[in-house]
Amino acid sequence: MKNYWLIKSEPTCYSIDDLKRDKKTAWGGVRNYQARNFMRDGMKVGDLVIFYHSSANPPSAVGVAKVTSPSYTDATALDPKDDHYDPKSTKENPIWMQVDVAFAEKFKNPVSISLIKANPRLKGVPVAQVGSRLSIQPLLEKHFEEICRMSK
DNA sequence: GCCAACGTTGGC
DNA sequence: GCCAACGTTGGC
């Protein structure tokens with residue numbers, strides 16, 4: 001059984017085009033326990049992920065990525081020079097994890113947050129919730145499929 | 001263990 | 001730039 005996810009990224013920081021260019025990237029720098037738990041406990045190799053541009057015009061689901069590794073230690077947390085350095089995380093006791101994700105598809109038509117909110121078949125999708133700040137969210141298969149369908 | 005203060009996220 | 005939502009921190 002495959003699981004489905006949505007991951008957010010600010011396109012000025014890392015966009016779907018960056019992922020397309022890189023083919024694959026380590027999804028590191030996540031500093032939220034709930035998001036980490038989803039990566040650590042929920043994500044499996046082969047899971048499909050909606051790539052979402054937050055703080056964009058308009059904020060939109062812009063493509064699909066695929067999980068290509070189990071979770072492993074996020075080394076940026078251990079590097080004092082890194083922006084995402086976290087002194088609470090140590091080599092002996094790392095607290096932050098990441099997975100690798102690979103580019104799968106860039107949507108022909110991005111699906112904006114207003115379209116997501118307006119679609120009754122996407123009722124309850126976390127990203128459409130008021131105040132949704134979680135950068136990694138689980139998705140139901142039918143919701144994943146519906147967003148892909150809307151992008152066609 | 002409570003809770004106020006504070007910081008961050010992210011849509012608008 | 002505003003502000004609501006909400007996670008984290010730290011004093012008690």
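Letters A, B, ... are given to chains in the order of the sequence lines, protein chains preceding strands, and every chain is numbered from 1.
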**Prompt:** Which nucleotide in the list dA5(C), dG10(B), dC12(B) gets nearest to the side chain of V130(A)?
**Reply:** dA5(C)
Check the interface with nucleotides 6-9 of chain B: list each N/O to N/O pair with the protein under 3.5 Å, or write none.
| residue | atom | partner | partner atom | Å |
| --- | --- | --- | --- | --- |
| dT8(B) | O2 | R133(A) | NH1 | 2.4 |

**Request:** Using atom CD of Q137(A) as one end and atom P of dA5(C) as the other, report the distance to the nearest whole Å.
**Result:** 17 Å
**Item:** Distance flag, aromatic centroids of W96(A) and Y33(A), threshold under 6.0 Å
**Value:** yes
**Message:** Using the ring-ring contact (aromatic ring centres under 6.0 Å, His included) definition, which of the options F107(A), W5(A), F103(A), W27(A) pairs with F51(A)?
**Reply:** W27(A)
**Item:** K91(A) atom NZ, over 12 foreign heavy atoms within 6.0 Å
**Value:** no
**Asked** With sequence neighbours left out, what residues match K106(A) under side chain to side chain donor-acceptor pair (under 3.5 Å)?
**Response** D17(A)
**Asked** Are Y4(A) and I50(A) side-chain neighbours, meaning at least one heavy-atom pair lies under 4.5 Å?
**Response** no
